[in-house]
Amino acid sequence: MARSLNGSQLPGWEPILGDSAYNDFTLPTLRQGDRGRNVELLQRILLDNGFLGAAGVRLGNPSGALVDGTFGTVTASAVRDLQRRYRIPVTGRVNPTTWEVLDMHENPYRSPLPWKQQNITQP
C-alpha cells in the first residue's frame with residue numbers, strides 16, 4: 001500500500017507504472033476541434049502515409065487534406081482509417097495507442113513525436 005508524505009497509508013491508491021513512452025502522461029490526446037503544432041505533426045504523418053489524402057477524397061473534399069494544424073473532419077476520418085488498418089479501437093481520437101502505431105508503423109522518417117521534441121539552441 002502506498003504512503004502519503006507524512007507516512008500514513010493511502011487506502012485504494014496504487015502507483016501508475018508505465019512501461020513505455022506511450023501513455024497519457026507523456027502524450028497529448030488529440031481530438032476533433034484541437035489545433036496546434038501537435039495536430040500539424042499528426043497531419044504531416046497522416047499525409048505522408050496516404051491517410052489524409054485518401055480521407056479527403058473519400059469525403060469529397062480533397063482540398064481539405066491539408067497540414068494546417070486544425071483537427072477537422074478529414075483528419076478525424078484519416079485517424080479512424082489508421083485505427084481500422086491496425087485493428088486498434090476506432091475512436092477518431094489520437095490517444096497513446098494511436099501514437100504508438102503512428103510511431104512504430106507510419107513514421108518512416110522518424111519525425112520527432114510530441115514526447116521526443118527537443119529544443120535546439122544555437123551556441
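Below, all heavy atoms of this structure are taken into account, side chains as well, without hydrogens, waters or symmetry copies.
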Tightest non-hydrogen contact, residues Leu59 and Ser77, listed as CD1-CB, 3.8 Å
Does Gly92 offer a backbone N or O that forms a donor-acceptor pair with the side chain of Gln32 under 3.5 Å?
-> no
Sorted by chain and number, sequence neighbours left out, side chain to side chain donor-acceptor pair (under 3.5 Å) with Thr73 holds for none
Is there a chain of hydrophobic side chains (I, L, V, M, F, W, Y, each step under 4.5 Å between heavy atoms) that links Leu66 to Val74?
-> no
Which residue pairs pass the salt bridge (Lys or Arg N to Asp or Glu O under 4.0 Å) test with at least one member in residues 54-63, sequence neighbours excluded?
-> Arg58-Asp81
Which atoms form the tightest heavy-atom contact between Pro96 and Thr29, and what is the distance?
-> CD-OG1, 4.2 Å
Output all residues satisfying side-chain contact (heavy atoms from CB on, under 4.5 Å) with Val57, sequence neighbours left out; order by chain, then residue number.
-> Pro62
Distance from Glu40 atom CD to Thr70 atom OG1, nearest 0.5 Å?
-> 9.5 Å
With sequence neighbours excluded, residues passing salt bridge (charged side-chain N to carboxylate O under 4.0 Å, His left out) with Arg87 = none
Partner set under side-chain contact (heavy atoms from CB on, under 4.5 Å) for Ala54, not counting sequence neighbours = none
Measure across Pro28 and Asn38 and return the closest heavy-atom pair with its distance rounded to 0.1 Å.
-> CG-ND2, 3.4 Å
All side-chain contact (heavy atoms from CB on, under 4.5 Å) counterparts of Ile88, not counting sequence neighbours = Gln83, Thr97, Thr98, Val101
Any chance you could measure Asn95, atom CG, to Arg31, atom CZ, to the nearest 0.5 Å?
-> 9.5 Å
What's the spacing between Arg80 CZ and Thr75 OG1 if we round to 0.5 Å?
-> 10.5 Å
With sequence neighbours left out, which residue pairs that include part of residues 65-75 fulfil the salt bridge (Lys or Arg N to Asp or Glu O under 4.0 Å) condition?
-> none
Pairs meeting criterion salt bridge (Lys or Arg N to Asp or Glu O under 4.0 Å) with involvement of residues 88-99, two or more places apart = none
Residues Val94 and Phe71: closest non-hydrogen pair is CG2-CE1, 4.0 Å
For Ala78, what residues pass the side-chain contact (heavy atoms from CB on, under 4.5 Å) criterion, not counting sequence neighbours?
-> Leu46, Phe51, Leu52, Ala55
Listed by chain and number, what are the side chain to side chain donor-acceptor pair (under 3.5 Å) partners of Asp34, not counting sequence neighbours?
-> none
